[in-house]
2 protein chains.
Amino acid sequence: MGMTTIYDVAELAGVSPATVSRVFNGTSVSVEKSKAVRDAAKELKFVPSRTARTLRRQSSEVIGLIIPDIENPYFTEMARGVEDVASEAGYSVVLCNTDAQVDKESTYLQIAISENMSGVIIATASEQSDLDLILATGRPVVAVDRSTTYDVDGVVMANRAAGASATRALIDAGYQRIAYIGGPEHIDTAAERASGWRASLAHAQPDADLEALLRFATFRVDGGRAAMEELLSMPEPPDAVVAGNNLIGVGAIQVLTEHGLTPPRVGVAVIGSLPFTTLSPTAVTVVRLPARHMGVTAAKMLLERIGGDEQPSRTVVLRNELRAASVPR
Amino acid sequence: MGMTTIYDVAELAGVSPATVSRVFNGTSVSVEKSKAVRDAAKELKFVPSRTARTLRRQSSEVIGLIIPDIENPYFTEMARGVEDVASEAGYSVVLCNTDAQVDKESTYLQIAISENMSGVIIATASEQSDLDLILATGRPVVAVDRSTTYDVDGVVMANRAAGASATRALIDAGYQRIAYIGGPEHIDTAAERASGWRASLAHAQPDADLEALLRFATFRVDGGRAAMEELLSMPEPPDAVVAGNNLIGVGAIQVLTEHGLTPPRVGVAVIGSLPFTTLSPTAVTVVRLPARHMGVTAAKMLLERIGGDEQPSRTVVLRNELRAASVPR
DNA sequence: ATGAAAGCGCTAACAA
DNA sequence: TTGTTAGCGCTTTCAT
């Protein structure tokens, strides 16, 4: 029960505790002693205490990944990217789910400090997110998906371009009344994507009443469902819709299917991938967002900062990839 | 940069470090001193070091959740359940993704020990999984989804029943040649679900050649796709299929859709939910597995053990819920 | 109720 | 190369 320590190993191996520590940290130790230590460690099933090491070093090989919705495949795909890079570098990743609540987010940021994590990658819960405390500790922070008002590194999608090209694909396919269901207005990604839709549509149809075709929802399946129902109940319903994220897209398509309006009868373009869709892949236009790549990029940037990189903060904007529906209307 | 400690707070508040500690641990301190300490702590933006506390106490308010596939919604749904219960009790959850690899799993189990986590919830990567080391430390372990040969608490689904009722639903709907695509044969959940299928089908069709209709795949979308393609290329293809998990189901339905055999033209029953499907919910039979509930149950059991509960180990089997397709063939 | 002091397991500066 | 030793920040006995 009482864990075995470097002192136990040292005694069995006939060396000092410091030598044991050195063996496990790769600093110069003679071959014989090194072997003696390893043998003793194996014999005693020694597992070094990260806790003690962290306390001593004032830093742990752990990075925090703070996201608003762990059940959204977009974020889990990103988490995979982060994890792959981090574990390659010997870091472990603590995944924290905020449910888009600022107070939960604050708690996790405190924990990051309190556990001496070396850095944090965060998709902020809202504009209200408070990074002051963690930045005051000098820990590096990388913002993903959403940008912040803080002077930190960031990795974001080309959101306006995504909204624009999704919309253009529907225009090119001949749809006339193209609605937009976006995420919460106060989230910058949502606003930017909507502005891309607005620009494309205004360009093609200068006289269209855009605001009548615009809905804001939560970034969740039920948000997409509710907004789609509402759009269908309009006196003059849209003949196509752009979904502001993957889950909204799922909800919208579900409702359309239930109403017998399976795409492409009503045109659908989704910003974000639908990894678990059962639709024919050619029925819906998708603007693929490179979520995994976002995670990989963020993790690399964070590790550079942890390594002492002091250059001015950067924001990387990731290109997205249009896959237009190929089935004729 | 150097973090503020209880010593700094103590000095500002004019008390001893021990008193500061007591304030943050809820032991008896006079009202005035308590207030002085809180004020000083706020002023200095004091964040107590979990690392130091963990080292001293030899235990941290962290539980490890080790799963084979973080991108599978089944596991993220479960993670939500774990997280909700844990954070309610003041614990944080570290999510560890093993990719179904035993060596990654061992690494995470070592980290759990090394970080003094209070316990672990694990969906084992395989039969080879090695829990000896962590059990030797006396830490509680709860096995989820898959059972183990170790004497630990467990929470599992009623897998055989799930396989049987999925199959029966297809039989009742009038399908004749009902294939099965299961997960890897060596994983017990996969084997049990398959045996449920086998039993139901053998009962209804004593002369059927079951093995010709059985395929094993990975528990992933591509596994389902490959197996379904193979089934369709048989001289006498099946007219229905049972998918051994959610991702296999997605893959199978994708392939069917691409071949113009949208359910219910070919009958489909899936063991597990399809949270992001865009199908009409009535076209496919689903055996809902209560993943969130599994997480909740496991977390509660683990917390009881952490609290000192010493009763003999238990395994909870969770009931599932059949939602038969309601669209006629 | 409060303070003094020891020590959790490790690392790193200093000596040898 | 190796050992000795002083903490990292906290909790917790033991006195007071």
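Every chain is numbered from 1 and lettered A, B, ... according to where its sequence line falls, protein lines coming before strand lines.
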Side chain to side chain contact (heavy atoms under 4.5 Å, CB included) filter on A:E115, not counting sequence neighbours, yields A:I111, A:M117, B:R50, B:V62
From B:I121 CD1 over to B:M294 CE, what is the distance, rounded to the nearest 0.5 angstrom? 9.5 Å
Taking the axis from the first five pairs and the axis from the last five, what angle separates them in the helix from C:dA1-D:dT16 to C:dA16-D:dT1, rounded to 10 degrees? 30°
What residues, two or more places apart in sequence or in another chain, satisfy ring-ring contact (aromatic ring centres under 6.0 Å, His included) together with A:F46? A:F24
Give the B/S/- string for nucleotides 1-8 of chain D, one per nucleotide from 5' to 3', where a protein heavy atom under 4.0 Å of the base yields B, of only the sugar-phosphate yields S, and otherwise -. SBBB-BBB
Got a sec, which residues hit side chain to side chain contact (heavy atoms under 4.5 Å, CB included) with B:N72, two or more places apart in sequence or on another chain? B:D69, B:Y74, B:F75, B:N245, B:N246, B:L247
Given side chain to side chain contact (heavy atoms under 4.5 Å, CB included), test B:V82 with B:V296 step by step and report yes or no. CA-CA 5 Å; B:V82 170; B:V296 167; over 6 Å; no
Contact check, residues 106-120 of chain B vs DNA chain D, heavy-atom distance under 4.0 Å, returns none
Please tabulate, one pair per line, all N/O donor-acceptor pairs under 3.5 Å involving side-chain atoms of residues 9-19 of chain A, not counting sequence neighbours.
residue	atom	partner	partner atom	Å
A:S16	OG	A:A18	N	3.4
A:S16	OG	A:T19	N	3.3
A:S16	OG	A:T19	OG1	3.3

Atom pair CD1/OG1 of B:I67 and B:T98 - distance to nearest 0.5 Å: 8.0 Å
Is there a residue in residues 37-51 of chain B whose heavy atoms reach under 4.0 Å of DNA chain D, and which residues are they? B:F46, B:P48, B:S49
A:Q58: what forms a side chain to side chain contact (heavy atoms under 4.5 Å, CB included) with it, not counting sequence neighbours? A:L55, A:N116, B:M3
In whole Å, I'd like the distance from the CD1 atom of B:I6 to the P atom of C:dT2. 16 Å
Show which side-chain atoms of residues 299-308 of chain A pair as donor or acceptor with protein atoms under 3.5 Å away, not counting sequence neighbours.
residue	atom	partner	partner atom	Å
A:E304	OE1	A:R314	NH1	3.2
A:R305	NE	A:D153	OD2	2.6
A:R305	NH1	A:D309	O	3.2
A:R305	NH1	A:Q311	O	2.6
A:R305	NH2	A:D153	OD1	2.9
A:R305	NH2	A:D153	OD2	3.3
A:R305	NH2	A:Q311	O	3.0
A:R305	NH2	A:P312	O	3.3

State, yes or no, whether a side-chain contact exists between B:E127 and B:I187 at a heavy-atom distance under 4.5 Å. no
In whole Å, I'd like the distance from the CZ atom of B:F24 to the P atom of D:dT12. 16 Å
Length of the line joining A:R53:CZ and D:dG9:P, which is rounded to integer Å: 17 Å
Write down the distance between CG (B:N25) and P (D:dC10), rounded to a whole number of angstrom. 10 Å
Test salt bridge (charged side-chain N to carboxylate O under 4.0 Å, His left out) applied to A:K45 - qualifying residues, sequence neighbours left out: none
Enumerate the residue pairs fulfilling ring pair (Phe, Tyr, Trp, His ring centres under 6.0 Å) with a member in residues 95-150 of chain B, sequence neighbours excluded, ordered by first and then second residue. none
Return the minimal non-hydrogen interatomic distance between B:S34 and B:V29, and the atom names on each side. N-CG1, 3.8 Å
